[in-house]
Amino acid sequence: MPNPTTYVLVHGAWHDGQCWNRVTPLLTAQGHRVFTPSLTGHGDKAHLLSPEVGLTTHVDDIVGLILDHDLDDIVLVGHSYAGMVISSVANRVPERVSRLVYIDAMVPTHGENAIDVMPLTRALIDGAADSVEPWRIPPLPEFPAPFGLCGVTDPDDIAWLRTTLVDESVLCFQQPAEMDNPAQALIPRAHILCVGNQPEGVTRRPVPETQPNGEASRVHELESGHDCMIIKPAELSDLLLENA
């Protein structure tokens, strides 16, 4: 067996680390080490949600995990909003990251926030502006078939997913990514795009043909709704193993 890989899987907005429950055993069965932390305000840290929680908080979460466990040669994976998180983490500790993998994710450049990368985010912020707590952005609603809840359409999976989703702090979408460390640009990247069913108005920024390190971009398409770790865990795991 080749040397084991350390994966750090970072969930997107509104979710928590449990969203990787079907992927983790498929990777560990191959001898790899997997970390699936819940970001501040989510999962076992849901009680810490506040207006002060932002992108910087979540970057601190992952950098802290890496340093506390002395992780090295990491495949750092981000789903959706977590593309913002892993980009800034790589800026902080590029020497500990061997590859970045963006799963249907926001891919910023230095100084961009989530609104810049995905303008639809502005509508979510505006929609919460007149609420009692305008800093709280509620999870996306369930759409009629075939779109479902974050792309999940199985009724049992939807029911379970609902129990894990929580509000997101608006600051997460407003704070900019920091990507001004030249060393982070040298880290190889891969992109996994979920294709097939996508609600109207949801657009994805095209992946550039060339990575920041000058290599050709590695882009994989996966026939799945947005939460592919729930819908297609085996296929996603195969792609993560391919990009170890």
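Any value given below was found using the heavy atoms of this structure, including those in side chains, with hydrogens, waters and symmetry copies removed. For clarity, every value in this text was computed on a predicted model and none was experimentally measured.
Remark: K45 does not engage D16 in a salt bridge, criterion side-chain N to carboxylate O under 4.0 Å. Salt-bridge formation is detected for the pair R22/D157: a Lys NZ or Arg NE/NH1/NH2 atom is positioned less than 4.0 Å from an Asp or Glu carboxylate oxygen.
Inter-residue side-chain proximity for S80 and I103 is flagged as unmet; no heavy-atom pair is nearer than 4.5 Å. Side-chain contact between V10 and V77: absent, with no pair of heavy atoms (C-beta onward) separated by less than 4.5 Å. Within the 4.5 Å cutoff, side-chain heavy atoms of I192 are placed close to those of L236. Side-chain contact between I86 and Y102: present, with at least one pair of heavy atoms (C-beta onward) separated by less than 4.5 Å. In this structure the side chain of T5 never reaches within 4.5 angstrom of the side chain of R33, judged on heavy atoms. Here the side chains of L65 and D61 are not in contact, with every heavy-atom distance at 4.5 Å or above. Two residues are said to be in side-chain contact when any heavy atoms from C-beta on lie closer than 4.5 Å; V117 and V107 fail this criterion. Between H32 and L241, some side-chain heavy-atom pair lies under the 4.5 Å cut-off.
Taking all atoms of both residues into account, the shortest heavy-atom contact from S98 to P188 is O-CD, 3.4 Å. Between A128 and R136, the closest heavy-atom pair is CB-O, 3.5 Å. What you find for L240 and Y7 is that their closest heavy atoms are O-OH, 2.9 Å. Scanning all heavy atoms of the two residues, the minimum distance from A114 to T121 falls at O-OG1, 3.7 Å. Residues H58 and T40 approach most closely at NE2-O, 2.9 Å, considering heavy atoms. Nearest heavy atom pair, residue L165 against residue P139, reads CB-CG, 3.9 Å.
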(message) Please determine whether side chain to side chain contact (heavy atoms under 4.5 Å, CB included) holds for the pair Q175 and N113, giving the CA-CA distance in whole Å, both sets of side-chain angles, and the decisive distance to 0.1 Å.
(response) CA-CA 6 Å; Q175 286 185 326; N113 63 19; over 6 Å; no
(request) Evaluate side chain to side chain contact (heavy atoms under 4.5 Å, CB included) for D154 paired with I230, printing each intermediate quantity in order. (result) CA-CA 10 Å; D154 179 86; I230 298 172; over 6 Å; no
(request) Show your reasoning for whether side chain to side chain contact (heavy atoms under 4.5 Å, CB included) applies to D156 and W160. (result) CA-CA 6 Å; D156 290 339; W160 174 81; over 6 Å; no
(message) side-chain hydrogen bond (donor to acceptor under 3.5 Å, both in side chains) for H15 and D227? Distances and angles first, verdict last.
(response) CA-CA 10 Å; H15 294 62; D227 278 5; 2.6 Å; yes
(request) Take F35 and I62 through the test side chain to side chain contact (heavy atoms under 4.5 Å, CB included) and record every step on the way to the result. (result) CA-CA 10 Å; F35 292 83; I62 303 304; over 6 Å; no
(request) Evaluate the criterion side-chain hydrogen bond (donor to acceptor under 3.5 Å, both in side chains) for residue pair N243 and R218; output intermediate values, then yes/no. (result) CA-CA 9 Å; N243 286 282; R218 299 183 65 174; 3.3 Å; yes
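Applying the side chain to side chain donor-acceptor pair (under 3.5 Å) criterion to R162, with sequence neighbours excluded, gives E142. Checked against side chain to side chain donor-acceptor pair (under 3.5 Å), T164 has no partners two or more places apart in sequence or in another chain.
Interatomic distance, CG of L124 versus CG of L140, reported as 6.0 Å (0.5 Å rounding). In this structure, Y81 OH and F173 CZ are separated by 7.0 Å, a value rounded to the nearest 0.5 Å. For the atom pair CH2 of W135 and CD of E52, the computed distance is 8.0 Å after rounding to the nearest 0.5 Å. Here the CE-OG distance, from M229 to S224, works out to 8.5 Å after rounding to the nearest 0.5 Å. Expressed to the nearest 0.5 Å, how far CG of D167 lies from CG of L49 amounts to 6.5 Å. I115 CD1 to L120 CG: the interatomic distance, rounded to the nearest 0.5 Å, is 11.0 Å.
Between the side chain of Q184 and the backbone N or O of P94, no donor-acceptor pair lies under 3.5 Å. A donor-acceptor pair under 3.5 Å is formed between the side chain of S88 and the backbone N or O of E178. Under the 3.5 Å distance criterion, the side-chain polar atoms of D104 are matched with a main-chain donor or acceptor of C194. Judged purely by atom type and a 3.5 angstrom limit, R99 has no side-chain atom pairing as donor or acceptor with the backbone of I187. Looking at K232, its side chain never comes within 3.5 Å of a backbone N or O of L222 through a donor-acceptor pair. The main-chain N or O of G17 is found under 3.5 Å from a side-chain atom of S38 such that the two form a donor-acceptor pair. For the pair Q30 (side chain) and L27 (backbone), a donor-acceptor distance under 3.5 Å is absent. Panel note: side chain N91, backbone D180; a donor-acceptor pair is recorded below 3.5 Å.
Under the 4.5 Å side-chain heavy-atom criterion for Ile, Leu, Val, Met, Phe, Trp and Tyr, V166 and V152 are members of distinct hydrophobic clusters. Both V8 and L239 are members of a single hydrophobic cluster when ILVMFWY side chains are connected at heavy-atom separations under 4.5 Å. Hydrophobic cluster membership differs between V34 and L26, with clusters built from Ile, Leu, Val, Met, Phe, Trp and Tyr side chains linked at under 4.5 angstrom. Grouping the Ile, Leu, Val, Met, Phe, Trp and Tyr side chains by contacts below 4.5 angstrom, directly or via other members, places L193 apart from L100. Under a hydrophobic-cluster definition in which Ile, Leu, Val, Met, Phe, Trp and Tyr are linked whenever side-chain heavy atoms come within less than 4.5 Å, directly or via other members, L186 and V75 are assigned to different clusters.
The ring-ring contact (aromatic ring centres under 6.0 Å, His included) analysis of residues 203-244, with sequence neighbours excluded, yields the pairs H79-H226.
With hydrogens and angles left out, the side-chain atoms of S131 and E133 include no donor and acceptor closer than 3.5 Å. If you check the side chains of E209 and S217, you find no donor sitting under 3.5 Å from an acceptor. Side chains of H42 and E168: a donor on one and an acceptor on the other come within 3.5 Å.
Counting non-hydrogen atoms of neighbouring residues, nucleotides and ligands closer than 6.0 angstrom, the CG atom of D126 exceeds 12 such neighbours.
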